[in-house]
Amino acid sequence: MAAAEPPAEPVYGGTLTFGLEAETGQGWNPASTQCAIACQTVMRAIFDPLTIEGPTGAPEPYLLESFSANDDFTVWTLKMRPNIAFHDGTPADAAALTTHLDNLQGGTLTGIIMRRWDSWAAIDDLTVEVRTTAPVAGLPALLTGQLGYLAAPSQYADPDGAANPVGTGPFVFRSWTPDSELVVERNPAYWKTDAQGRPLPYLDRVVFRPIVDSDARVLALESGDLDTHHLNSPLHAAENRQRYKVVEEGSFFQTTYMMLNAAAAPFDDLAARRAVAHCTDYETYNLLRVGGNVPVANGPFGPNTPGYLADSGFPTYDPEAGRALWRQLDDPGTVEIGTTNDPFNRVTTELIAQMWNDCGIDTRITQLEQGTLITNAVIGQFQTFLWRNHNGASLEFERTWWHSEYAAGLATNFGRAVDPALDAALDAAARTSDPDELRALAEEVNRVFAEGVYNLWLNWSLWMLPHHDRVQNLALLTLPDGREVLNLIEGRAFLTETWVE
């Protein structure tokens, strides 16, 4: 369906109804929630991130006016923009930023990510100095997501703050009925304007509706109950492009994969990891679950992303080799595959389980709510999950998921991969901001993953926002200097400049 030509000028007012793939059961406190893609979309309506991925994927100041480091990246100076207020009217200043960092440090997961952050202090009304125990060259990239959503001190002081978020963002929180809807309304005092100096945002109201079943979200869009939704299903890409206007990714794709727990049997044995890699028919998977709309993945970095390799050395489909390796194992038992409650994911894991069973690998499937799945990943209570992660925009951000220092106890290195070569590459990345050096190090990371077979790469994701004709500027965002940022990374969408006819 051809999109109608939009009017020359944006229209103020109206409501946008946005379908989400999951609920965020822990609420909206950046220091305590488990913020997957649906969470990120809501957070970007209520909060502004301190930094944002710019046109090349590199972090740019957003709520921050600037950031800078000393020569060895152990002292960072973060300066807030002046005259920005939270929704409660209090200033978004250095004192608020230090309160935010204090709370993040006390968070279970956020504190792990900040392990190398030693101290911070306000050095004037708008500036905070952060000191680290080791180089953190990619620190600004960490502030594009959950760590960067600046919450008001009043929210952190509120025992019920997770259910009553207070940010500086384009929309003010109004109500939340878990598993039903979350409502935000226009922030009349928002700090940003459009290119013509008109106040943002344009929309009066956004209603977010969590609908776990992707087929149900598709039907809700078709019926007009939704104006848009996010969808990570390359299988339906052509249909969406034909029926709706779409916003879709062009680079920094996440990877869909089977995450293996390298710290627990049987996948603490490289032979077991190589066996399931050889027993996975990637071309059949791609045909049935992706429709051939994106390539078979061979690593964590997709096309148009630093670190991508046409041939990473990852094992290929060879069921005879897989059977032979599995027979060598000493009583590997039954392999349990975990996935979410989405029927699409259930069918995907059934296909993988059939391939492995055909290889002599006894396999069963367990479905869990998304938050529970993440919790089990953190505590290491799994053998293998169907997973999705890693946009590759920053090796510093990926370090959290892959370095051995994050692999013990409550871990963000969910797969518990411990590999000196992987650590060495990530440590080198923490000492440089040179794009060429970072690209070479990302390529080395890609090869290490292929050699150790820590994950089974399936396909690069393709996030899309199909939407009706009346929706304009969906996910469009410009930096304060007027440049447009990447409109979609990992399905995370801004609604700051969206409007409806």
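From a predicted model like this one, the values you see are computed outputs, not experimental measurements.
Using a 4.5 Å cut-off on side-chain heavy atoms (C-beta onward), Pro266 and Gln383 make contact. Looking only at side-chain heavy atoms (C-beta outward), Leu221 and His468 come within less than 4.5 Å of each other. Taking the side chain as every heavy atom from C-beta outward, Ser214 and His230 never approach each other to under 4.5 Å. Contact check for Asn376 versus Phe385: side-chain heavy atoms found under the 4.5 Å cut-off. Contact check for His229 versus Leu465: no side-chain heavy atoms found under the 4.5 Å cut-off. The closest side-chain heavy-atom distance from Tyr317 to Pro319 is below 4.5 Å. Within the 4.5 Å cutoff, the side chain of Thr110 has no heavy atoms near those of the Gln105 side chain.
Exactly one residue among Ile37, Asn391, Ile489, Val247 makes a side-chain contact (heavy atoms from CB on, under 4.5 Å) with Trp463. That residue is Ile37. Checked against His390 for a ring pair (Phe, Tyr, Trp, His ring centres under 6.0 Å), the options Tyr257, Phe301, Phe252 give a single hit: Tyr257. With Phe414 as the fixed residue, the ring pair (Phe, Tyr, Trp, His ring centres under 6.0 Å) test singles out one of Trp387, Trp402, Tyr454: Trp387.
Ion pairing of Glu443 with Arg439 is absent here, as no side-chain N (NZ or NE/NH1/NH2) approaches a carboxylate O to less than 4.0 Å.
Screening residues 26-37 for side chain to side chain donor-acceptor pair (under 3.5 Å) gives Gln26-Gln34, Gln34-Thr375 as the qualifying pairs, with residues at least two apart or on separate chains. Within the structure, salt bridge (charged side-chain N to carboxylate O under 4.0 Å, His left out) pairs that include any residue of residues 317-337 comprise Glu320-Arg323, Glu336-Arg364 (at least two apart or interchain). Within the structure, salt bridge (charged side-chain N to carboxylate O under 4.0 Å, His left out) pairs that include any residue of residues 169-183 comprise Arg174-Glu185 (at least two apart or interchain).
The six-membered or imidazole ring of Tyr285 lies away from that of Tyr282, with a centre-to-centre distance of 6.0 Å or more. Outside the 6.0 Å centre-distance limit, the rings of His87 and Phe173 are not counted as a close aromatic pair.
Between the side chain of Arg186 and the main chain of Arg205, no donor-acceptor pair closer than 3.5 Å is present. Under the 3.5 Å distance criterion, the side-chain polar atoms of Asp342 are left unmatched by any main-chain donor or acceptor of Arg346. Formation of a donor-acceptor pair under 3.5 Å by the Asn232 side chain with backbone atoms of Leu462 is found in this model. Remark: the backbone N or O of Thr144 is paired with a side-chain donor or acceptor of Thr51 at under 3.5 angstrom. Thr17 places no side-chain N or O within donor-acceptor distance of the main-chain N or O of Val207, the cut-off being under 3.5 Å.
For the pair Val418 and Ser404, the tightest heavy-atom approach, listed with the atom from each and the gap, is CG1-CB, 3.9 Å. Annotation for Gly322 and Cys279: closest pair CA-SG, 3.7 Å, computed over non-hydrogen atoms. The two residues Arg470 and Thr15 come nearest to each other via the heavy atoms NH2-O, 3.1 Å.
Ring geometry for Trp326 versus Phe267: interplanar angle of 30 to 60°, hence tilted.
For the residue pair Thr400 / Thr412, no side-chain donor-acceptor distance below 3.5 Å is found, with atom types taken as modelled. For Arg388 and Thr256, the side-chain atoms include no donor-acceptor pair closer than 3.5 Å. Under 3.5 Å, the side chains of Trp176 and Glu23 contain a donor-acceptor pair of N or O atoms. Remark: the Thr340 side chain and the Asn345 side chain contain an N/O donor-acceptor pair separated by less than 3.5 Å. Using a 3.5 Å distance cut-off with no hydrogens or angles, the side chains of Tyr149 and Gln40 do pair a donor with an acceptor.
Cation-pi geometry between Arg44 and Phe171 is not met at under 6.0 angstrom from the ring centre and within 45 degrees of the axis.
Within 6.0 Å of CD in Glu451 there are 12 or fewer heavy atoms belonging to other residues, nucleotides or ligands.
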